[in-house]
Structure formats: structure tokens, C-alpha cells
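Below is one structure; the comments refer to it alone.
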Amino acid sequence: MKNQHWLIGLFLLISSTLIGQSIEPIEITDQWLSKIESLAPSAPRVKTDTKKILVFSQHTGFYHWTIPHNAEMLKILAKKSGAFEVTVAYDVDSFDKKNLQQYDAVILNNSNPSGPKRDLFWDLLKKNTSLSDATIAKRAAQYQQNLMSYVSKGGGLLILHGAITVQNNSSEFSKMVGGSFDYHPKQQQMHLKEVDANHPLVQAFDGKGFTHVDEPYFFNNAYFDYNFRPLLYIEADQLEDVRKAVSNNIIYVSWIKRHGKGRVFYSSASHNAQSLENPQFLQFLLDGMQYVVGDLKCDDSPIGVQ
């Protein structure tokens, strides 16, 4: 009997721990869409002409169940604010030079590739064509170069959560976007804090930051050059399940940066669509969209290695 009680207690402990690490997926219903529409900003910070945005929502690796939720949310932000026209795409040919030229910005919506290549373009070509590996490698490299040239020449790039892994083994891509994904501890409640509460791109949070359940992302490669202007951070010593010693307790999880004439905005939040039910976070994303297309001007100078 004692052993039975011990096993039951262990089961309950494990169950409660697992529940605490994740949030159940939710359906996209008319009710949910209406809720997001009611919470979305009714006007952009900066009133300008309507810009065109490509939202690339394909993946080959880990599937984030928020991909369709993000796509719907971005369409709502665009329509309600009147600031954008959104096209949601899934075909790798979206990264042809001529196609990219139609848009003022590209949003990578949790476009996770598989391992070990961690090359989304290679994955998609391999999956959907009968080309030789040599041809696939050449074309995948061209798609990466097309996107990097697009940004360098003035295009905007907004990266949501796991999409920072799109070309995770490419040092050139890492330098453009500000870093590569390393790992994340278990999902948990965390408080994202503003680096500078007076910065225009975090004014949505009123100096109070943003608390939600998410995956705390850690980064490597170009991240440690700090060639970006950080917006939000978490503190490593406030997290559970941190697997590696950190030299800096401050972990930046959202930032902006220039790449040539273009602008990049990264937000690691969020893994769960429940986080979209926060009007401040929706405002933050809309502000990020306005930044990457060049409408919302702000300090995006890199902080560099401290």
C-alpha cells in the first residue's frame, strides 16, 4: 500500500510538472478571431501609405502549432490598422528575386528547418522537387542570398520565435539576423523586461514588461557580438532547467538591427497563441512591422560587446 501511495504521488508530481511546462493548443474559431480583432490596435503609430508584407509560414522541422494563429493575427493587424497588405505564402519560390521585390518586408513565421543541415531552403527543395543534391545545394544558397540581398538593399525582415533557425548553420545569415538558436529550457512563466523603457519599440509595455508562458530561448554565434539594439530581456537566474553556464545573466530575446539599407526585427515570443491575447504584445508586433518597413524611426544602433 505504501508503495502504491508513493507511485501515485510520483505520478501526480510528474503530471503537474508536465502541465506547468506547456499550454494546450487552441483552435482558430470565429470567436478567437473576433477576440484578437477586438484586442488589436485600431491605428498604427505612424500613419503612412499601405505597405505590402510577405508572411512565409512553411516549415520542415518542428511544427509550431501557432503558425496559422500568427498568420491570422498578422492579417488582422494589417487590416485593422490599415497599414499593411499581407500575403501568406508556403512555396520556396517565394524567395525568387522578382517575387521579393513586390514586398516592403518579409515575415518569417516559425519557419523551422529540420536537422542536421538546418537549412529551410534545402529542405523544401529536397521535399518538393526531384533535383539532384548538387542542384538543390546551389539553388538553396541562391535563395539565401536572394533574401540577404533583399534586406541589404532596403527590404524589411521580421522574424517570429523559431524562425531564427531558418538558416541556423549559416554564419552570414546569423550576422544578418543577430544570432543563431542554441537551445531552450522547458516552457515556463517568465517576465520579459524592457532594456530601455523609453525606446519607441517597447512603449506598448508601459515600462512593466510582458509576462507569459513561453520557451526561454538561448542563442549563439553572432549573438555574442551584440550587433543589435536589444529591446527585451530575461534573466537566466530566474529560469528553471538552464542547461549551460552563462557568462551574462541578461539574455536578450528581442532586438532590432540594420543590415545594409534594410532593417531586422526579432521577437522570440511567442511559442503559444495564448500570448497573442495581450493587446500590448499585439501593439509591440505592429510597431515592429512599422519599424522594418522604415515607417517607425528609432535608435537601432548596435550596443556592441560590453
Side-chain angles (χ1 to χ4, degrees), residues 26-57 66-89 102-110 155-161 163 191-194 196-214 231-232 253-256 263-300:
I26 55 177
E27 292 184 27
I28 298 176
T29 62
D30 290 341
Q31 183 180 8
W32 186 83
L33 292 172
S34 295
K35 182 176 185 179
I36 297 302
E37 185 171 6
S38 70
L39 296 172
S42 57
R45 298 275 187 194
V46 182
K47 187 68 175 177
T48 63
D49 55 325
T50 302
K51 302 298 194 303
K52 296 180 66 177
I53 292 185
L54 173 69
V55 179
F56 192 74
S57 299
T66 51
I67 289 176
H69 297 75
N70 285 340
E72 294 299 329
M73 174 271 295
L74 291 166
K75 288 191 287 187
I76 289 171
L77 287 183
K79 183 177 180 180
K80 188 172 180 182
S81 69
F84 304 102
E85 292 180 4
V86 162
T87 299
V88 180
Q102 301 179 61
Y103 300 99
D104 298 289
V106 173
I107 296 178
L108 299 176
N109 176 17
N110 281 306
L157 179 63
L158 191 151
I159 304 166
L160 292 176
H161 191 57
H191 185 199
L192 281 61
K193 301 179 181 179
E194 301 100 322
D196 174 6
N198 295 316
H199 194 281
L201 278 182
V202 295
Q203 59 185 315
F205 300 117
D206 298 324
K208 299 175 183 177
F210 176 42
T211 299
H212 70 158
V213 174
D214 207 335
L231 301 175
L232 298 172
V253 292
S254 179
W255 57 76
I256 54 174
R263 298 167 180 82
V264 177
F265 173 102
Y266 174 64
S267 171
S268 73
S270 73
H271 181 82
N272 301 303
Q274 285 84 349
S275 300
L276 304 180
E277 298 173 9
N278 183 315
Q280 294 178 322
F281 185 55
L282 296 178
Q283 180 70 64
F284 174 65
L285 293 179
L286 181 61
D287 291 344
M289 293 165 73
Q290 286 216 284
Y291 164 74
V292 296
V293 299
D295 290 340
L296 201 164
K297 310 295 183 183
C298 60
D299 181 8
D300 53 13

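Only this structure's heavy atoms are used, side chains among them; waters, hydrogens and symmetry mates stay out.
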Say you draw a straight line from CG of L232 to CG of D196; how long is it, rounded to the nearest 0.5 Å? 11.0 Å

Value rounded to 0.5 Å, distance of CG in D295 from CG in D287: 11.5 Å

If I compare all heavy atoms of H212 with all of S270, which pair ends up nearest, and what's the gap? CE1-CB, 3.6 Å

Q290 side chain to V46 main-chain N or O, any donor-acceptor pair under 3.5 Å? yes

Could you pull out the closest heavy-atom pair between I53 and Y103, with the gap in Å? C-CD2, 3.7 Å

Might you work through the side chain to side chain contact (heavy atoms under 4.5 Å, CB included) test for L285 and L160, ending with a clear yes or no? CA-CA 10 Å; L285 293 179; L160 292 176; 4.1 Å; yes

Between L158 and G288, which heavy-atom pair has the shortest distance, and what is it? CD1-C, 3.7 Å

Rounding to 0.5 Å, atoms CD1 (I26) and CG (L276) come to a distance of 7.5 Å

Evaluate the side-chain proximity of L77 to P41: yes if any heavy-atom separation is below 4.5 Å, no if none is. yes

Result block: side-chain N/O donor-acceptor pairs under 3.5 angstrom for residues 199-211, not counting sequence neighbours:
unit_1, atom_1, unit_2, atom_2, d
H199, ND1, L201, N, 3.1
H199, NE2, D299, O, 2.8
Q203, NE2, P200, O, 2.9
D206, OD2, Q280, NE2, 3.4

Distance-minimising heavy-atom pair for F281 and A269: CZ-O, 3.4 Å

Side-chain touch H161/D214, heavy atoms, less than 4.5 angstrom: yes

To the nearest 0.5 Å, what is the distance between CD1 (I107) and CG (L74)? 4.5 Å

Please find the pair of heavy atoms, one from P44 and one from L286, that lie closest to each other, and give the distance. CA-CD2, 4.1 Å

Applying side chain to side chain contact (heavy atoms under 4.5 Å, CB included), run through Q274 and V213 and close with a yes or a no. CA-CA 9 Å; Q274 285 84 349; V213 174; over 6 Å; no

Can you sort out the partners of E85 under salt bridge (charged side-chain N to carboxylate O under 4.0 Å, His left out), two or more places apart, ordered by chain and number? none

Value for CD1 (I256) from OG (S267), rounded to nearest 0.5 Å, stands at 12.5 Å

Taken to the nearest 0.5 Å, the spacing of H69 NE2 from S275 OG works out to 11.5 Å

Residues, nucleotides or ligands: over 12 heavy atoms within 6.0 Å of Q102 CD: yes

Can we say E37 and K80 salt-bridge, meaning some charged N sits less than 4.0 Å from an Asp/Glu carboxylate O? no

With no hydrogens and no angle check, is any side-chain donor or acceptor of T50 less than 3.5 Å from a backbone partner on G82? yes

Locate the shortest heavy-atom distance separating A71 from N109; write the atom from each residue and the value. N-ND2, 3.9 Å

For Y266, all residues meeting side-chain hydrogen bond (donor to acceptor under 3.5 Å, both in side chains), sequence neighbours excluded: none

Taking the six-membered ring of F84, is the NZ or CZ of K51 close enough (under 6.0 Å from the centre) and on axis enough (within 45°)? no

For V253, does its backbone N or O pair with a side-chain atom of S268 as donor and acceptor, under 3.5 Å? yes

Given 3.5 Å as the limit, does a donor-acceptor pair link the side chain of E72 with the main chain of I28, or not? no

For a 4.5 angstrom cut-off between non-hydrogen side-chain atoms, does E277 reach I36? yes

